[in-house]
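One structure is given below, encoded as structure tokens.
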Amino acid sequence: MKNPLPHPVFSGADCWNELQAFLETKRPKVSKIFILCDTNTAQHCLPILLENCPWIVDPEVIEVASGEANKSPELMIQLWETMMAYEADRQSLLLNLGGGIVTDMGGFLAATFLRGLPFIQIPTSLLGMADAAIGGKTGLNVGLAKNMVGSFTWPSALVVDPVFLETLPNEEFLSGTAEMLKHGWVLDRNHFLGVQELLAGTHANPGALIVQSIRIKAAVVESDFTESGFRMVLNAGHTIGHALESHAYHTGKPLPHGFAVVAGLLCEAYIAHEYFGLHDRDLQVLQEIVLQYYPPIDFESSEIDAILKWMHKDKKRNIKEWRVPLPQKIGNAELQIIADEALFKYALIRYLKLFKP
Ligand SMILES: NC(=O)c1ccc[n+]([C@@H]2O[C@H](COP(=O)([O-])OP(=O)(O)OC[C@H]3O[C@@H](n4cnc5c(N)ncnc54)[C@H](O)[C@@H]3O)[C@@H](O)[C@H]2O)c1
Ligand SMILES: [Zn+2]
């Protein structure tokens, strides 16, 4: 499949040399290299990057604290000021080295500083490689409202090197596989089966599987860059998943995003099975994956109404009906309109019964 993204993706064994060759062709020439990382990627990933790229000489390294709370306007002001202090100009190049938080923030920094600097996304988490760094969305949280401010801005290039995954905590690895499973679940059965092998530790080439996820997401983004229609297929698992994530966060039991997404995928699969013709066998496959690899989400039936309340909030809109991508068989989802909240309640009860029969 050809690369549907409007920028190169360097992902093979030679990715760092390819990046160097690409930058040498750039005009005007890069004046200075900035590297944005968080505390963890500064420790684990920066040495790998610098070892692979001896041509990066005297970079300005900007290190931020890790964690979602730092994806904030307050930190962005500090980043703008740091760029000013280092006298960044329009020929400066920003390398975003980190998980989705760093690539979201760094993308926004590059989109806004001096009205736009070139930047390269170098995701280091699985979620970043397979999802967050793909598709040109950048953003910040405002208070508790996630991704309230942002832009659609393409990087100059994307580099995907699975070597970074060697130091990624297992929980973060599992969280990333959830988004990859989602890509397969809605759009590509073979990919779904490949991610199942990745979870089992039997996949021969995880790097190729990540690139396949990138291609699936990129093809959707290409057909709907500003998310007016088909891109919503990537929201699979997120209608219920976001509600579970918000509820968990506000009750003091925060969850890795992917854990909520996987639970959301299964809940939405219950709806697809009961009301939209999802095949029994396909539901079973997903259910077994969830049981085998992901911890159950901790909530009681008495909390379901509180979870449902979160489903009415999306950014500033109050939602009365939902467009949910539901497959009839794995790899083949269509957007369905659900106007009856009772379907979600049914799904959450069925999910609870799976773990507390
Ligand atoms: N822009 C988009 O389209 C898009 C899509 C999906 C998610 N996102 C955003 O992505 C963010 C989540 O991304 P994430 O899950 O990568 O979170 P993250 O950036 O917080 O990374 C997860 C954790 O792993 C650490 N880490 C990352 N790479 C590491 C490595 N190689 N070795 C050791 N530790 C490492 C990080 O420091 C962090 O503690 C959210 O803010 C979400 O909104 C954006
Ligand atoms: Zn997600």
Side-chain angles (χ1 to χ4, degrees), residues 5 36-49 63-72 75 96-108 111 121-142 144-155 158 160-183 185-186 213-214 217-218 220-221 225-227 231-242 244-246 249 254-265 315 325:
L5 292 165
L36 181 68
C37 42
D38 73 15
T39 341
N40 297 322
T41 62
Q43 183 187 345
H44 298 295
C45 307
L46 186 58
I48 300 176
L49 175 75
E63 185 181 321
V64 296
S66 65
E68 192 72 45
N70 298 299
K71 206 173 105 174
S72 66
L75 189 66
N96 295 321
L97 180 71
I101 294 188
V102 167
T103 53
D104 269 13
M105 294 214 39
F108 189 74
Q121 297 292 45
I122 311 178
T124 60
S125 67
L126 187 56
L127 194 137
M129 292 181 193
D131 190 6
I134 322 304
K137 284 207 273 178
T138 79
L140 300 179
N141 307 325
V142 180
L144 292 179
K146 278 199 64 171
N147 303 324
M148 262 325 260
V149 170
S151 69
F152 287 99
T153 314
W154 289 113
L158 166 72
V160 177
D161 189 342
V163 72
F164 293 124
L165 300 178
E166 284 165 21
T167 55
L168 190 70
N170 189 45
E171 206 175 60
E172 299 297 343
F173 178 79
L174 272 179
S175 184
T177 53
E179 299 285 0
M180 296 174 73
L181 265 184
K182 176 196 78 178
H183 291 145
W185 178 250
V186 288
S213 247
I214 293 174
K217 177 164 180 185
V220 175
V221 169
F225 185 45
T226 54
E227 219 169 42
R231 192 162 174 172
M232 285 180 202
V233 78
L234 298 174
N235 256 347
H238 286 65
T239 306
I240 295 184
H242 272 150
L244 286 168
E245 194 177 5
S246 299
Y249 183 80
L255 288 173
H257 175 68
F259 291 8
V261 170
V262 142
L265 270 187
K315 305 270 158 75

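The figures here come from the full heavy-atom set of this structure, side chains too, leaving out hydrogens, waters and symmetry mates. Note that ligands are numbered from 1 as they come in the structure, with each ligand's atoms numbered from 1 the same way.
Residue contacts with ligand 1 do not include H257, since none of its heavy atoms lies under 4.0 Å from the ligand. The shortest heavy-atom distance from C45 to ligand 1 is under 4.0 Å. Residue contacts with ligand 1: K217 is included, with a non-hydrogen atom under 4.0 Å away.
Here atom 19 (O) of ligand 1 lies nearest to I101 when heavy atoms of I101, L168, T39, N70 are compared. Of all the listed residues (G67, P169, G100), G100 holds the heavy atom that lies closest to atom 11 (C) of ligand 1. For atom 33 (C) of ligand 1, the choice among D104, T167, N147 with the nearest heavy atom turns out to be T167. For atom 41 (O) of ligand 1, the nearest non-hydrogen atom from the set K146, Q121, Q43, K71 belongs to K71.
Geometry note: the Zn ion (ligand 2) is the vertex, H257 NE2 and H238 NE2 are the arms, and the angle is 100° (rounded to 10 degrees).
Between H44 and ligand 1, a contact under 3.5 Å exists for no N or O pair. Considering both main-chain and side-chain atoms, N40 comes within under 3.5 Å of ligand 1 through a nitrogen or oxygen pair. Taking any N or O of I134, backbone or side chain, none lies under 3.5 Å from an N or O belonging to ligand 1. Considering backbone and side-chain N/O atoms, T41 never comes within less than 3.5 Å of an N/O atom of ligand 1. Taking distance alone, with nitrogen or oxygen atoms compared against 3.5 Å, G98 stays at or beyond that limit from ligand 1.
The Zn ion (ligand 2) lies under 2.8 Å from an N, O or S atom belonging to E179.
A distance of 4.5 Å separates CG of D131 from NZ of K182, quoted to the nearest 0.5 Å.
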